[in-house]
Amino acid sequence: LVNKVGRWTTLRMDLSTVLKEGDRIVQFIGDGIDTLGDVITFPPIHIHHLHIVFKNVSHTFETHGDYQIDRDGYSTYVPEGYCAVTPRQFQQRRSKAKFMVVAQFNDVRFSHSKGMVNVATGSNE
């Protein structure tokens, strides 16, 4: 994924193969990261929104660029002693249940800035 200065990027990704039936979610962190796994802050990246669609609920977990950042970044915790459990449908090919990320972000660097490192390949643009 390559960001270009001043451009908006929309990302939709199916995550249904990431979790297995019965897995438990206790925390969600929705940040942009670089190739080393370090959080990319604002600026240079403004996360307009990052939504996790889980059990067909479009805002199960979410990040918005105007949210308060805590020590873990943009994070959401399930209350202590509780968790979200992955349902069986995610492992079935024809299931209508969804587990996906839908995100939109923009690169707010100055127009004379060089391209950011490509997270997928490690190249510069």
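- Contacts of D23 classified as side chain to side chain donor-acceptor pair (under 3.5 Å), with partners at least two apart in sequence or in another chain: none.
- Note on I52 and V26: separate hydrophobic clusters, where clusters join Ile, Leu, Val, Met, Phe, Trp and Tyr whose side-chain heavy atoms are under 4.5 Å apart, directly or indirectly.
- Going from atom CZ of R7 over to atom CZ of F105 covers 13.5 Å, rounded to the nearest 0.5 Å.
- Here the CD1 atom belonging to I47 is positioned 8.5 Å from the CD1 atom belonging to I40, to the nearest 0.5 angstrom.
- R24 contributes a side-chain N or O that, together with a main-chain N or O of G22, makes up a donor-acceptor pair within less than 3.5 Å.
- Between atom CH2 of residue W8 and atom NE2 of residue H48 there is a gap of 5.0 Å, rounded to the nearest 0.5 Å.
- With sequence neighbours excluded, the residues forming a side chain to side chain contact (heavy atoms under 4.5 Å, CB included) with V78 are F61, Y82, listed by chain and number.
- Separation of atoms CG (D107) and CD1 (I45) is listed at 4.5 Å; rounding is to 0.5 Å.
- Side-chain N or O atoms of N106 include none that pairs as donor or acceptor with a backbone N or O of V108 at under 3.5 Å.
- Listed by chain and residue number, H51, H64, V102, Q104 satisfy the side chain to side chain contact (heavy atoms under 4.5 Å, CB included) test with H49 (two or more places apart in sequence, or in another chain).
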Hey, mind stepping through R12 and M100 against side-chain contact (heavy atoms from CB on, under 4.5 Å) and telling me if it holds? CA-CA 7 Å; R12 296 176 65 86; M100 61 189 301; 3.7 Å; yes

Could you walk me through whether L50 and F28 pass the side-chain contact (heavy atoms from CB on, under 4.5 Å) check? CA-CA 11 Å; L50 189 151; F28 161 76; 3.5 Å; yes

